[in-house]
Amino acid sequence: MTRKTLTLFDRSLVRPALLESLRKLDPRVQWRNPVMFVVYIGSLFTSALWVQALVSRGEAPAWFIGAVTLWLWFTVLFANFAEALAESRARAQAASLRGMKKTVTAKKLKEARHGPWTVVPGDNLRRDDIVLIEAGDFVPCDGQVIEGVASVDESAITGESAPVIRESGGDFSAVTGGTRVLSDWVIVRCTADPGESFLDRMIALVEGAKRRKTPNEIALTILLVALTLVFLLVTATLLPFSVYSVNAAHAGLPVTLTVLVALLVCLIPTTIGGLLSAIGVAGMGRMLLANVVATSGRAIEAAGDVDVLLLDKTGTITLGNRQATAFLPAPGVDEKDLADAAQLASLADETPEGRSIVVLAKRFALRERQVHELEASFVAFSAHTRMSGVDLPQRQIRKGAADAMRAWMESQSGSYPQAVVQAVDTISRRGSTPLVVAEVYQGKPRVLGVIELKDIVKGGIKERFAQLRRMGIRTVMITGDNRLTAAAIAAEAGVDDFLAEATPENKLELIRKTQAEGRLVAMTGDGTNDAPALAQADVAVAMHSGTQAAKEAGNMVDLDSNPTKLIEVVEIGKQMLMTRGALTTFSIANDVAKYFAILPAAFVATYPQLGALNIMHLTSPDSAILSAVIFNALIIVALIPLALKGVRYRALGADAVLARNLLIYGLGGVAVPFIGIKLIDLLLTAMGWY
Amino acid sequence: MKHLRPALSLFLLLTVLTGLIYPLAVTGLAQALFPWRANGSLLAVDGHAVGSALIGQNFTTPGDFWGRPSATSPYPDNAQASGGSNLGPTNPALIDAVQARIAALRAADPDNHAPIPVDLVTASGSGLDPQISLAAAYYQAPRVARARHLPLADVEALIARNAHWPWLHLFGTPRVNVLELNLALNALRAKPID
Amino acid sequence: MTTEFFVLLAVLLAALLATVRPLGRYFAWIMEGRPAWAPLAAVETRLLRLCGVDDGEMDWRQYGYALLIFSAIGTVALYALQRLQGWLPLDPQHFGAVSPDSSFNTAISFVTNTNWQGYAGESTMSYLTQMLGLAVQNFLSAASGIAVAFVLIRGLARHSTRLLGNFWKDLYRITAYALLPISFVLALVLVSQGVIQNFSAYQNVTTLEPTTYAAPKLDAAGQPVKGADGQVVNQTVIVPQQTIAMGPVASQEAIKELGTNGGGFFNANSAHPYENPNALTNFLEMLAVLLIPAALVYTFGYAVGDTRQGWALLAAMALVFAVAVTLLAAAEHQGNPAIGALGVDQAHTALQSGGNMEGKETRFGIAASVLFDAVTTATSCGAVNSMIDSYTPLGGMVPMALIQLGEVIFGGVGSGLAGMLVFALVAVFIGGLMVGRTPEYVGKKIEAFDMKMLSIAVLLMPILVLVGTALAAVLPAGVAGLANPGAHGFSEMLYAFTSAANNNGSAFAGLSANTPFYNILLGVAMLLGRFAVIVPILALAGSLAAKKRIPPGSGTMPTHGALFISLLIGTLFLVGALNFFPAWALGPIVEQLSPLPVH
């Protein structure tokens, strides 16, 4: 799966975004962003003042009003551009998602029985179409088995490595799109139309761009509107204040409307106001980049708040497939003989478990043999016998679950030693899966021993959990294993807690209980029986390989079907909130410098002593005001990369993160504009404009 | 309006409690325990009240210690119209007033070239400040001594006897009560009639 | 700057600190409604039943209705009392009815805990009006303020409920168990130091020297006689006596400070020797002002089960207070350069306090004056023992800025804590986003509705102040009231609306505010500044109480450390004070930078 990664200002994105930022000058679009709407109105107003100055006597020189007006329009356009750029990036990412939807072919049957079929693309299947699925085929649609029985690898969905049996009638008749038939065949009736899949609908949602504001975004917007309102009054009342001062000092003229609008635009939080929606869109985009499709920005935001992660053991904490880790020979059998037999029986077994047996046997210096030299015929795993193996001349070797092997031994009139029973028991208790190997050699049945298939905890997962703990997130492992096994694996993986012998019911119960404590729960799920829990969880990531029901119930879909992704989802959610907070702080902190630039400039004619407040030593009142306005516009552009990429995320405790961000965006927010405005003023002066 | 009855009755109840019972109880106890202070700390000479130990009076003759300038209306130290000048620090009227006070002090004591302590030329907040700083008292001592025909040392000793020093460096300033000081002066030697 | 100042500041804060925990717990006891000592509990039950109070708790709306109705009754009663005082007893000086606009202003002023005084007490109000009207509202407005703080504390401490307490019960318990007993003790201590408490007529004493002054000669019709040149003819008047105002001062003084009301019995307020006779009373009055606002912060921490939360807010308050008052002290110790230029000695020496003494009392000097001023403007008290109008420009800006922070540096009884919590919530909102979580404070998520209420609570005040000042600055009726010219006159108007909208009550008192224009405009500012802030705070409490309580984790932003304290102070200045920067520039800052007046 290769996807084009886009550079920040990719040319293919910038040009349409530039056009789009002009189209966004539509007042109906501007109205949606109250802070920028004020800038918009201010720009219109100074434009009118400029025209007035051009055609008759204006309140200030036309070039000055013109310059201020120009930069006010730039402020609006830059904000538009930020939003447009974020949108086009998200759109581009969504488009590439469409391309990666894997196309599966299906063997479409004319009637509901084994017979002639035609190959059609999976997308063309309609509800009630009948398909034949044979060993090795992917299931092309969600459906119902109407004939046959087969073992199906649903590990990609359920994470459970053991194949499951699907047969017509009863509880085990549903198959899900994306799973794979391992043995035998089934005939399936499709239950969903194409284009109705979860993914389809989600891509439409991103492209629809009719984003709804998230709760935090709404709360933040309220704060920003309130600040805007108060600054509106601060500047509006400055006119009467100025009139009084002029009367009192008998000097100067009341402050001009142009300067007031300039001050207003500089004071209101345009930086965050202009970038707020871009941050939200970019958050969705980052999710898409991680191959996660969210149904709403709300879900992404909730991800940042998650307190508890429910993680399925298999596939998330442990590798999806068990691996052979030990051979436990039966009494009187050499370990090497057991390994040899196990290897022979697994040579044709392409499942990960089978391969791991071959690999393990190599440790006993058993070379891989040329299959054709052996004159072997392999017996594939079938749902009926529930064992697999190899038939050699004079020798049959089988491996399988303990009870199946016991039955086979009994059918061959062989004995099943007590020591093997005990070995099977021990392995189970350790949290591993036992696989019994037996043979019939020259008519003599004999149990050779047991292979231990072990759950392997993923590398680095323990560190990941420690990281989460520092971020204040608790991890809970969900497993169907018994308590002992679960505890052993939980300790090894370093999770905070575990739920053993999990059923859909007690999983749901756990979520409800955790939520009642006021915590936000995130989980991943794929099976239909996960649906209630997914629906209940605050952040529910459904695996793309999962069932339709699971995808409906969740609020995100992971296209990679990688349950570990949950951690990334949380990080993206946090990062989005952090970016908003950081830019808000920065925006508000900027006001200090702007006051020091504009106030002395506006009133120095009335009160010459206010020149003392011009601590940046800006060249002239006009250059000071213009520098502040230009800085205010340029800072939006300068911060677009930050808004789109998000502030740097580190898995640290809240205290450390806050300290860092306060330092950078709080103190930095106070300091940066002093430097920026001074530099712009120097530049304007150097260019001889003042 | 189910709140109206509790609102009205509780208002009446609490008004009686805090507006009648409380002040009357305080008055009763105050009059019993601290009658002189509760009634204004009035000072009497020969059975006639001559003022309050806490309320400043206006002194203008050279033989008396002058108190803080008072901005009360319509005349200084009006004890039924307390208040300050409320002149701002840069108000020319303030500077004019200070200059006039300096001129008056200089005129009454032309030989004294010491810098004038600030409290002698600035109006007090209440307009009824009964005290001046020790610096202000010592500044006036030569004038008073001359006018009263007293040795300077006696006047300065009188100031020292009446001086209040900050308690524990914490409570109060170095100061002296002008009315009490002038009463003590009168006791020492009556002011000659000009 | 003097060591006396720092020692006094340290002792004051230490004394306050010592009271915080016991008094904070005591208020928690009052708030929780636990039964008092049996006989008192019996009285409580019986009286409340008599008043028709039912036992149940109220939601925020009911609580708000109750508070508003109660305040409305108080306003009407106080208005009526002023208008009718001429026919009522305890009026030895035979003061007639107070004018309608002044009565309106004063009624609002005292009910809103502002105690702005457009009138001069000793020449306007009868003893009955003072004690049965003004002092009663000193108690009741303070009790309502504390009740509002109770509701907000409950909102934060409770979860998943709509019920926030019973206003009537809170009102009674606060008044009967806290305000009355403490006031009673304080009043007696004040009397022991010289504060008067009597019902006598004003006393006439024969002064040592008669006072002579020039007054316009009046004709039979009471009009000034004009001479041939059109000038008013002056005559010399000789006053051999001093008429000393009397009254039940101590009982009112005690609650005036304790309830952060600040309305003086006399015009000169706590500068008057009968209200504040010496440095000890001054200290006790300062302590009394700070006592309840500080204790309630502890009560909050205690109620939410984490006293560190309260200490953090207190630390922020104490820090801002210490810095502000130190600035103020520095400015006033410098003295007035214009007076220094005349050869006047403003130095601090062993024999005098020195500094800018215009409008200050000798017994307080600079240290006790500025400390008192900072205490009463950081809180919503607004009492003064020195005249702020005559402070140095920067000195006058400090109290103004303290009020403009929203009176959250200790603040008014109840309203201070509520205001500080509002700022804490805003700070947590911004800071919380920065750590990547939906912001939460003491386990409560801050969501859109809360933000709406917070915004109203934070922004209403600056709007009232700025719009009010703007109106006064351009309308002739506004400018007419100014006592000082130029930028200082601007400061007077700015201060008046700052004081009114924040329910402080102190003033740049040169402003002639007892005019219909100011009485009405400032009345409206006080009314909105009080109740239009209380209502959203109650709504906020309602919303918070209904939420679940999220247990804190390491991903939650801690709200008790040094980091949070700095964030809170930063928010206070950026969101709270920065709005006033342009106004400061045109008032105190420009005045401070002005050249000395030429004469």
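Numbered from 1 within each chain, the chains take letters A, B, ... in sequence-line order. Just the heavy atoms: all of them, side chains too, but no hydrogens, waters or symmetry mates, feed the values below.
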* **Heavy-atom proximity to chain C below 4.5 Å, by part of A/Ala659** => both
* Asked: Under a 4.5 Å heavy-atom cutoff, which of A/Val670, A/Leu263, A/Ile588 has the most pairs with chain C?
  -> A/Ile588
* **Part of C/Thr556 lying under 4.5 Å from any heavy atom of chain A** => backbone
* Looking at C/Leu459, C/Val590, C/Val474, which one has more heavy-atom pairs under 4.5 Å with chain A than the rest? -> C/Val590
* To do: Check whether more than 12 heavy atoms from other residues, nucleotides or ligands sit under 6.0 Å from atom CD of A/Gln467, and answer yes or no.
  => yes
* Please determine, among A/Ile218, A/Thr585, A/Thr584, the option with the most heavy-atom pairs under 4.5 Å with chain C. => A/Thr585
* Proximal component of C/Val467, with respect to chain A [non-hydrogen, under 4.5 Å] -> both
* **Top of C/Leu574, C/Thr438, C/Val479 for chain A proximity - count of heavy-atom pairs under 4.5 angstrom** => C/Thr438
* **Side-chain (A/Tyr595) to main-chain (C/Leu578) donor-acceptor, under 3.5 angstrom** => yes
* Specify which of A/Leu229, A/Leu227, A/Val243, A/Asp655 makes the most heavy-atom pairs with chain C at under 4.5 Å. => A/Asp655
* Structure fact -> Most heavy-atom pairs under 4.5 Å with chain C, out of A/Val657, A/Thr237, A/Asp307, belong to A/Thr237
* Side chain, backbone, both or neither of C/Lys445 within contact of chain A (heavy atoms, under 4.5 Å) -> side chain
* Looking at CZ of A/Arg660 and CG of C/Leu563, how far apart are the two atoms once the value is rounded to the nearest 0.5 Å? -> 13.5 Å
* Asked: Is there a side-chain contact between A/Val234 and C/Pro582 (heavy atoms, below 4.5 Å)?
  -> yes
* To do: Search all heavy atoms of C/Leu586 against all heavy atoms of A/Ser242 and return the closest pair with its distance.
  => CD1-N, 4.4 Å
* Against chain C, work out which of A/Tyr665, A/Tyr607, A/Tyr649 has the most heavy-atom pairs shorter than 4.5 Å and name it. => A/Tyr607
* Asked: Hey, are the side chains of A/Phe241 and C/Leu466 touching, using non-hydrogen atoms and a 4.5 Å cut-off?
  -> yes
* To do: Please state whether the side chain, the backbone, both or neither of C/Ser160 comes within less than 4.5 Å of a heavy atom of chain A.
  => neither
* Side chain, backbone, both or neither of A/Arg474 within contact of chain C (heavy atoms, under 4.5 Å) -> neither
* **Contact check, side chains of C/Val435 and A/Asn661, non-hydrogen atoms, under 4.5 Å** => no
* Asked: Taking A/Leu599, A/Asp591, A/Leu238, A/Leu520 one by one, which has the highest count of heavy-atom pairs under 4.5 Å against chain C?
  -> A/Leu599
* Tell me, for A/Val225 versus chain C, whether the close heavy atoms (under 4.5 Å) come from the side chain, the backbone, both or neither. => neither
* Structure fact -> chain A shares the most heavy-atom pairs under 4.5 Å, among C/Gly561, C/Ala448, C/Ser566, C/Ala472, with C/Ala448
* Asked: Is there a side-chain contact between C/Val575 and A/Leu223, using heavy atoms and a 4.5 Å cut-off?
  -> no
* Taking C/Gly431, C/Pro462, C/Pro551 one by one, which has the highest count of heavy-atom pairs under 4.5 Å against chain A? -> C/Pro551
* Interface residue of largest heavy-atom contact number with chain A, from C/Gly570, C/Ala473, C/Ala583, under 4.5 Å -> C/Ala473
* Could you grab the distance from atom CD1 of C/Ile430 to atom CG of A/Leu658, nearest 0.5 Å is fine? => 11.5 Å
* Kindly give the heavy-atom pair with the smallest separation between C/Glu447 and A/Ala219, and that separation in Å. => C-CB, 4.0 Å
* Structure fact -> Distance col, row C/Leu482:CG vs A/Tyr244:OH, nearest 0.5 angstrom, shows 4.5 Å
* To do: Name the option with the most non-hydrogen atom pairs under 4.5 Å to chain A; the candidates are C/Arg437, C/His159, C/Met557, C/Lys548.
  => C/Arg437
* So do the side chains of A/Asn216 and C/Pro439 get within less than 4.5 Å of each other, counting heavy atoms only? -> yes
* Structure fact -> Whatever's closer than 4.5 Å to a heavy atom in chain C on A/Ala516 counts as backbone
* Does any non-hydrogen side-chain atom of C/Phe429 lie less than 4.5 Å from one of A/Leu220? -> yes
* Interatomic spacing from CD1 in C/Ile550 to CG in A/Asp305 - rounded to 0.5 Å -> 8.0 Å
* To do: Enter the distance from C/Leu593:CG to A/Leu613:CG here, rounded to the nearest 0.5 Å.
  => 6.5 Å
